[in-house]
Engineer: 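Encoded as structure tokens, here's the structure I'll be asking about.
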Number of protein chains: 2
Amino acid sequence: MPAKPPAPGFVSLVFEISRLYRLSFGRRAQHLKLTQPQSLALAAIAREPGLTQASLAEKLEVHPVTVTQLIDRLERSGWVSRESHENDRRAFRLHLTEQADPILSKLWALAREARAEAMRGLSEQEQQQLESLLLRVKANLLAEDASPRTRTRAG
Amino acid sequence: MPAKPPAPGFVSLVFEISRLYRLSFGRRAQHLKLTQPQSLALAAIAREPGLTQASLAEKLEVHPVTVTQLIDRLERSGWVSRESHENDRRAFRLHLTEQADPILSKLWALAREARAEAMRGLSEQEQQQLESLLLRVKANLLAEDASPRTRTRAG
DNA sequence: GGCATATCATTAGCGTACTTATGATTTGCC
DNA sequence: GGCAAATCATAAGTACGCTAATGATATGCC
């Protein structure tokens with residue numbers, strides 16, 4: 001029998017929260033027929049209409065392939081349109097359709113709601129503390145992520 | 001144009017850390033041909049040999065369907081065996097094969113390493129603080145997760 | 001101008017996770 | 001003892017993330 005496994009601790013907590021929050025948001029947003037990554041994509045396009053898929057991938061910090069599939073679905077649902085780039089025939093510019101407008105307003109409300117629920121009982125100061133600690137953890141992980149090989153993110 | 005989207009903040013941090021950690025672990029473990037969920041499953045079986053898939057699903061806090069697929073792969077890789085339950089012909093008991101033994105020792109080392117990397121620069125006290133804040137967030141999310149409908153987790 | 005290289009996007013294929021539905025038992029209650 | 005309900009596992013379909021490979025175009029350098 002090999003050595004004993006280490007205690008779960010911080011790491012599994014992050015995973016569980018990530019998963020629970022995804023579920024929580026999904027429950028709220030299910031009548032909008034939007035998942036959480038889809039919502040984040042819509043938000044990003046709302047913030048910067050006309051951005052390319054590569055640029056969206058950078059902002060969402062996911063692989064370009066993932067964006068291709070994500071936009072496929074959003075386009076099929078009629079919320080996003082790919083429009084050809086005027087200077088670069090390889091690229092597309094992403095725009096929201098008019099149908100997306102009412103969805104977006106509801107979306108921000110849901111996001112605020114889900115976030116408030118997660119933060120219930122934490123003082124303003126504790127929230128900041130949590131955020132600042134998590135930022136440091138993220139920086140550690142980013143540091144070792146940046147070196148190995150070519151990554152999507154610019155860093 | 002609808003209202004402005006809220007600031008990213010805590011939530012996206014959790015997602016990013018979750019994703020970055022998964023990558024970090026994956027990089028370390030890739031020569032072992034093990035992903036992170038697979039590793040967690042092996043660890044759980046090591047802690048409690050002979051447990052059923054349903055019981056494993058509870059421990060990993062994932063859906064039983066997910067465990068079915070996970071064990072499919074681990075069995076195909078030769079690290080886990082399904083053995084029929086002596087009292088319940090519906091169920092299987094999960095056991096590690098002998099081939100899994102050397103992998104496991106390496107695994108604990110990797111997990112500790114990845115965790116230390118994530119925690120670099122945080123004092124013992126800060127780590128505990130972070131863990132305790134995250135626990136409260138998790139409790140909030142669990143509270144609303146428990147009510148709606150039948151969940152995998154017992155609660 | 002022309003060739004090598006880089007970039008944008010896609011396809012194909014894998015792993016993880018979910019929902020919903022189904023088959024096979026076991027359990028509970030009368 | 002027998003039937004309804006719960007439980008264990010699986011199957012099918014969807015979503016999302018990745019890697020690797022490909023096609024089309026842009027860019028850079030000579």
Side-chain angles (χ1 to χ4, degrees), chain A residues 15-16 18-27 29-30 33-41 51-58 60-77 82-94 145 148-154, chain B residues 15-16 18-27 29-30 33-41 51-58 60-77 82-94 145 148-154:
Chain A
F15 280 109
E16 286 165 28
S18 169
R19 183 180 140 273
L20 287 172
Y21 187 85
R22 205 177 340 112
L23 288 176
S24 157
F25 183 90
R27 257 196 314 279
Q30 76 189 101
K33 302 288 184 189
L34 275 180
T35 64
Q36 203 241 350
Q38 288 175 3
S39 310
L40 291 175
L51 83 179
T52 62
Q53 293 185 193
S55 160
L56 179 58
E58 245 186 62
L60 299 180
E61 300 193 16
V62 299
H63 203 276
V65 173
T66 304
V67 167
T68 296
Q69 302 170 330
L70 199 52
I71 298 299
D72 279 351
R73 286 181 208 103
L74 289 174
E75 199 178 27
R76 241 181 279 136
S77 302
R82 285 177 165 104
E83 293 169 23
S84 46
H85 194 290
E86 62 283 2
N87 300 327
D88 188 338
R89 278 190 291 171
R90 294 168 305 180
F92 293 111
R93 287 192 175 286
L94 301 175
D145 185 46
R149 70 192 68 242
T150 316
R151 294 280 315 142
T152 302
R153 228 169 14 279
Chain B
F15 281 108
E16 286 164 28
S18 169
R19 183 179 139 274
L20 286 171
Y21 187 85
R22 203 174 345 111
L23 287 176
S24 157
F25 183 89
R27 258 196 314 280
Q30 75 189 107
K33 302 289 184 188
L34 275 181
T35 64
Q36 203 241 350
Q38 288 175 0
S39 310
L40 291 176
L51 84 178
T52 64
Q53 294 187 192
S55 160
L56 179 58
E58 245 187 61
L60 298 180
E61 298 192 21
V62 298
H63 203 277
V65 172
T66 304
V67 167
T68 297
Q69 303 171 330
L70 199 52
I71 298 300
D72 278 352
R73 285 183 208 99
L74 287 174
E75 199 177 26
R76 240 181 282 134
S77 301
R82 285 177 165 102
E83 293 169 22
S84 47
H85 195 292
E86 62 284 3
N87 300 329
D88 188 338
R89 275 190 293 169
R90 295 167 305 178
F92 293 110
R93 288 193 175 285
L94 301 175
D145 184 45
R149 71 192 67 244
T150 315
R151 292 284 313 143
T152 302
R153 229 172 7 284

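Letters A, B, ... mirror the listed sequences (proteins, then strands); counts begin at 1. If you're wondering where the values come from, they're calculated on a predicted model, not measured in any experiment.
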Engineer: It should be established whether B:R19 places a side-chain nitrogen or oxygen under 4.0 Å from OP1 or OP2 of nucleotide D:dC18.
Structural biologist: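 Result: yes.
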Engineer: Would a 4.5 Å heavy-atom cut-off, applied to side chains only, mark B:L56 and B:I71 as touching?
Structural biologist: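 Answer yes - side chains close enough.
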Engineer: Nearest-Å distance, CZ (B:R89) to P (D:dT10)?
Structural biologist: 16 Å
Engineer: If you compare every side-chain N and O of A:H85 against the phosphate oxygens of C:dC8 (OP1, OP2), does one of them come in below 4.0 Å?
Structural biologist: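 No.
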Engineer: Which sits closer to the 5' end of DNA chain C, A:R22 or A:V67, going by the nucleotide each is nearest to?
Structural biologist: A:V67
Engineer: What's the separation between atom CG in A:L60 and atom CD in B:E16, rounded to the nearest 0.5 Å?
Structural biologist: 10.0 Å
Engineer: Measure the CD-CG distance between B:Q38 and B:L74 for me, rounded to the nearest 0.5 Å.
Structural biologist: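 Between B:Q38 CD and B:L74 CG, I get 5.0 Å after rounding to 0.5 Å.
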Engineer: Give a yes/no answer on whether the side chain of A:T68 brings an N or O atom under 4.0 Å of OP1 or OP2 in C:dA9.
Structural biologist: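 Checking A:T68 against C:dA9: no side-chain N or O falls below 4.0 Å of OP1 or OP2.
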Engineer: So, taking the atom named OG1 in A:T35 and the one named CZ in A:R73, what distance separates them when rounded to the nearest 0.5 Å?
Structural biologist: 8.0 Å
Engineer: Rounded to the Å, how far apart are A:F25 CZ and D:dA15 C1'?
Structural biologist: 15 Å
Engineer: So, taking the atom named OG1 in B:T68 and the one named NE2 in B:H63, what distance separates them when rounded to the nearest 0.5 Å?
Structural biologist: 9.5 Å
Engineer: Please tabulate, one pair per line, each protein N/O and nucleotide N/O from nucleotides 13-16 of chain C that are separated by under 3.5 Å, including the distance.
Structural biologist:
| from | atom 1 | to | atom 2 | distance (Å) |
| --- | --- | --- | --- | --- |
| C:dT16 | OP1 | B:T35 | OG1 | 2.2 |
| C:dT16 | OP1 | B:Q38 | NE2 | 3.4 |
| C:dT16 | OP2 | B:Q38 | NE2 | 3.4 |
| C:dT16 | OP2 | B:R73 | NH1 | 2.7 |

Engineer: To the nearest Å, give me how far apart CD (A:E86) and P (D:dT25) are.
Structural biologist: 17 Å
Engineer: Looking at every heavy atom in both A:L70 and A:A41, which two are closest together, and how far apart are they?
Structural biologist: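 It is CD2-CB, 4.0 Å.
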Engineer: Expressed in angstrom and rounded to an integer, what is the separation of A:D72 atom CG from D:dT14 atom P?
Structural biologist: 14 Å
Engineer: Roughly, in whole Å, what's the span from CD1 in A:I71 to C1' in D:dG17?
Structural biologist: 15 Å
Engineer: Counting the atoms with a prime plus P, OP1 and OP2 as sugar-phosphate, which does A:R82 contact under 4.0 Å by heavy atoms, base, sugar-phosphate, or nothing?
Structural biologist: sugar-phosphate
Engineer: Check this for me: does any side-chain nitrogen of one of B:D88 and B:R93 sit under 4.0 Å from a carboxylate oxygen of the other?
Structural biologist: no
Engineer: State, with a plain yes or no, whether a side-chain heavy atom of B:E61 is found less than 4.5 Å away from one of A:F15.
Structural biologist: no
Engineer: Rounded to the nearest angstrom, tell me the gap between atom CD in B:E61 and atom C1' in C:dA17.
Structural biologist: 14 Å
Engineer: Quick test: give all pairs of protein nitrogen or oxygen and nucleotides 5-8 of chain D nitrogen or oxygen below 3.5 Å, distance rounded to 0.1 Å.
Structural biologist:
| from | atom 1 | to | atom 2 | distance (Å) |
| --- | --- | --- | --- | --- |
| D:dT7 | O2 | B:R90 | NH1 | 2.3 |

Engineer: Determine whether B:D72 and B:R82 make a side-chain contact, defined as any pair of heavy atoms from C-beta on separated by less than 4.5 Å.
Structural biologist: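 Counting from C-beta outward, B:D72 and B:R82 do come under 4.5 Å.
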